[in-house]
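The block underneath contains the structure these notes are about, expressed in structure tokens.
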Amino acid sequence: MARLKKSRVIQRAPSFLGFKPFGVQKLSGEDVILHLEEYESVKLCDYENLTHEQAAKIMNVSRPTFSRVYQSARNKIAKAFVEASSILLEGGNSVVGILWYSCPVCELNFSSIIDEQPVCPFCLSEHVCKVDEQ
Ligand SMILES: [Zn+2]
């Protein structure tokens, strides 16, 4: 029986649809499809410099799952980079987080789809507040 895949939480949907290399005579023809959760994993690890553990908590997945998503993202980006392919962003298996929280201890803002008082994924403080507007 097929196992239901858990949705991964994206903090914020990216404001673009993809990337195109420039200066190439002819595109290789094969676009690389990067899923939103893969985009998010690279953003959290390489842009926000979070550990895999922290990023996994933010995305509501286990650490091994996170590592798989992240590795897949890096392989795809490397392939596009080396082969001069376009990158298209697609939904994949993700939801954009709707409940936002703010941690007064470390000032991290994060989203969660778990509708109960969550714990700060960065400092593990339980005293997080819901943010109304994002
Ligand atoms: Zn915190």
Side-chain angles (χ1 to χ4, degrees):
M1 196 173 96
R3 199 161 56 97
L4 261 186
K5 274 192 163 178
K6 200 161 78 165
S7 286
R8 292 88 192 256
V9 178
I10 307 299
Q11 282 184 297
R12 197 184 298 259
S15 54
F16 50 86
L17 299 173
F19 285 96
K20 228 185 216 172
F22 69 91
V24 285
Q25 295 295 315
K26 197 168 75 156
L27 291 177
S28 71
E30 210 183 307
D31 294 336
V32 169
I33 308 294
L34 193 68
H35 293 150
L36 279 182
E37 64 261 33
E38 292 169 335
Y39 160 85
E40 184 78 357
S41 70
V42 171
K43 188 186 90 178
L44 292 173
C45 274
D46 296 322
Y47 181 75
E48 296 184 9
N49 291 318
L50 299 183
T51 65
H52 284 202
E53 197 137 39
Q54 291 161 342
K57 280 183 185 144
I58 289 176
M59 289 179 69
N60 196 34
V61 295
S62 70
R63 214 196 121 149
T65 298
F66 177 83
S67 295
R68 269 198 307 277
V69 170
Y70 178 66
Q71 191 56 48
S72 167
R74 294 184 64 135
N75 290 346
K76 287 180 176 181
I77 292 167
K79 180 177 155 64
F81 206 62
V82 171
E83 297 179 5
S85 303
S86 297
I87 298 177
L88 297 179
L89 288 175
E90 272 188 12
N93 182 35
S94 60
V95 294
V96 175
I98 37 167
L99 292 176
W100 280 83
Y101 298 89
S102 173
C103 174
V105 180
C106 68
E107 298 185 337
L108 176 76
N109 287 320
F110 62 98
S111 60
S112 174
I113 50 167
I114 308 158
D115 197 11
E116 58 190 34
Q117 191 70 4
V119 170
C120 173
F122 194 75
C123 71
L124 304 180
S125 165
E126 291 175 5
H127 304 286
V128 297
C129 329
K130 214 173 222 173
V131 177
D132 292 327
E133 290 289 314
Q134 263 295 333

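Count residues from 1 along the sequence. All ligand and atom numbering here is 1-based and tracks the order in the structure. No experiment lies behind these values; they were computed from the predicted model shown.
A distance-only check finds a donor-acceptor pair linking the side chain of Ser67 to the backbone of Arg63 [under 3.5 Å]. Within the 3.5 Å criterion, the main-chain N or O of Ile33 finds a donor-acceptor partner in the side chain of Lys76. Remark: the backbone N or O of Cys129 is not paired with any side-chain donor or acceptor of Ser102 at under 3.5 angstrom.
For the Zn ion (ligand 1), the set of protein N/O/S atoms nearer than 2.8 Å consists of Cys103 SG, Cys106 SG, Cys120 SG, Cys123 SG, ordered by chain and number.
A heavy-atom distance below 4.5 Å is not found between the side chains of Val69 and Val61. The shortest side-chain heavy-atom distance between Cys123 and Leu108 does not fall under the 4.5 Å cut-off.
Hydrophobic cluster of Val105: no remaining members, since no ILVMFWY side chain lies below 4.5 Å from it.
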